[in-house]
Amino acid sequence: MMIVDIVKKHEPITSEEIAAKLNITRAALRPDLSILTMAGILEARPRVGYFYAGKNTKSLLAEKIRSIKVSDIKAVPVVIKEETSVYDAIVTLFLEDVGTLFVVQEDGSLCGVVSRKDLLKIAMGNADIRQIPVSVIMTRMPNLVTVTMEESAFDAARKIVEHQVDALPVVKPEEFEGKVKYKVVGKVTKTTITRLFVELGRG
Ligand code: ADP
């Protein structure tokens, strides 16, 4: 587009100067300038003139990543009950080929998270892991880091990095008898984010 090319070449440039270059009146130019400014392609600075503000690749990428929702990328969670033994939890880890297990109460609401290292730590001691329930070793509510479907893939990745965990349960808050409970509806893990990264890289 001619206006954009002129601004790119001569910025900062006033509307009079642009109009003169195009051999048109300022009034004729005004609608186009306001559209370009509103679209974020040009930036108008009072008493200085117009600048080219077209979005660069970096901000487009950031916008794309923020536009992807947890609901678009979430994976199937593996859940166990609080009374599951540490031994059975380890078996589940192998059978389901996951690194983190989410622990739920009888009503299906989230109460804890058990990671590989939580299980390794207890298994290395002399404890009878067939007798010990996972509820003894799990990280529990309210210390759990979670995401909801509406949050972005970026939010999830940021939480994984900031809290130094491998997996986040995707939860749906539900009010039950005045108390908020969190139903587990998915998971976002380092693998989920890596997969998304590969997809984005493919273009
Ligand atoms: P690993 O211990 O196998 O490296 P993590 O880094 O995910 O796996 O776990 C580190 C610690 O954080 C563990 O004690 C685990 O119980 C806890 N943890 C894991 N995921 C979460 C989460 N989403 N919210 C809170 N704590 C978590």
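As the structure lists them, so they are numbered: ligands from 1, and atoms in each ligand from 1.
For the residue pair Thr189 and Ala167, the shortest heavy atom distance occurs at CG2-CB, 3.7 Å. Nearest heavy atom pair, residue Met2 against residue Leu22, reads CE-CD2, 3.4 Å. Closest approach of Val114 and Met138 over heavy atoms only: CG2-CB, 3.7 Å. Closest heavy-atom contact between Leu93 and Thr100: CD1-N, 4.2 Å. Taking every heavy atom of both residues into account, Lys187 and Thr192 meet most closely at O-OG1, 4.3 Å.
At a 4.0 Å heavy-atom cut-off, ligand 1 touches Ala167 through the backbone alone. The proximity of Gln164 to ligand 1, defined as any non-hydrogen pair under 4.0 Å, is limited to the backbone. Contacts between Thr146 and ligand 1 below 4.0 angstrom, taking non-hydrogen atoms only, are absent altogether.
Protein heavy atom at the shortest distance from atom 27 (C) of ligand 1 is Val165 CG1, 3.5 Å. Nearest non-hydrogen protein atom to atom 24 (N) of ligand 1 is Val145 N, 2.8 Å. The protein non-hydrogen atom at the shortest distance from atom 25 (C) of ligand 1 is Asn143 O, 3.4 Å. Shortest contact from atom 20 (N) of ligand 1 to any protein heavy atom: Val113 CG1, 3.5 Å. At the shortest separation from atom 11 (C) of ligand 1 among protein heavy atoms lies Ser115 OG, 4.5 Å. Taking atom 7 (O) of ligand 1 as the reference point, the nearest protein heavy-atom neighbour is Asp166 N, 2.8 Å. For atom 26 (N) of ligand 1, the nearest protein heavy atom (residue, atom name, distance) is Thr139 CG2, 3.6 Å.
Contact annotation: Gly112 has no heavy atom less than 4.0 Å from any atom of ligand 1. Look at Asp118 and you'll find a heavy atom under 4.0 Å from some atom of ligand 1.
Applying the 4.5 Å side-chain rule to ILVMFWY residues, one finds that Val198 remains a lone member of its cluster.
Looking at Arg202 and Glu199, a side-chain N of the basic residue comes within less than 4.0 Å of a carboxylate O on the acidic one, giving a salt bridge.
Atoms of ligand 1 found under 4.0 Å from any heavy atom of Leu144, numbered from 1 in the order shown, are 24 (N), 25 (C). Heavy-atom proximity to Arg116, at under 4.0 Å, picks out these atoms of ligand 1: 3 (O). Of all the atoms in ligand 1, the ones that sit under 4.0 Å from a non-hydrogen atom of Pro169 are 23 (N).
Polar contact check, Val114 against ligand 1: no nitrogen or oxygen pair lies under 3.5 Å apart.
Distances from atom 3 (O) of ligand 1 to the heavy atoms of Arg140, Lys117, His163 show the closest one on Lys117.
Applying the 6.0 Å contact sphere to NZ of Lys81 captures no more than 12 heavy atoms from other residues, nucleotides or ligands. By the 6.0 Å contact criterion, NZ on Lys69 is enclosed, its count of non-hydrogen atoms from other residues, nucleotides or ligands being greater than 12.
For Glu82 (side chain) and Ser135 (main-chain N/O), no donor-acceptor pair under 3.5 Å exists by modelled atom type.
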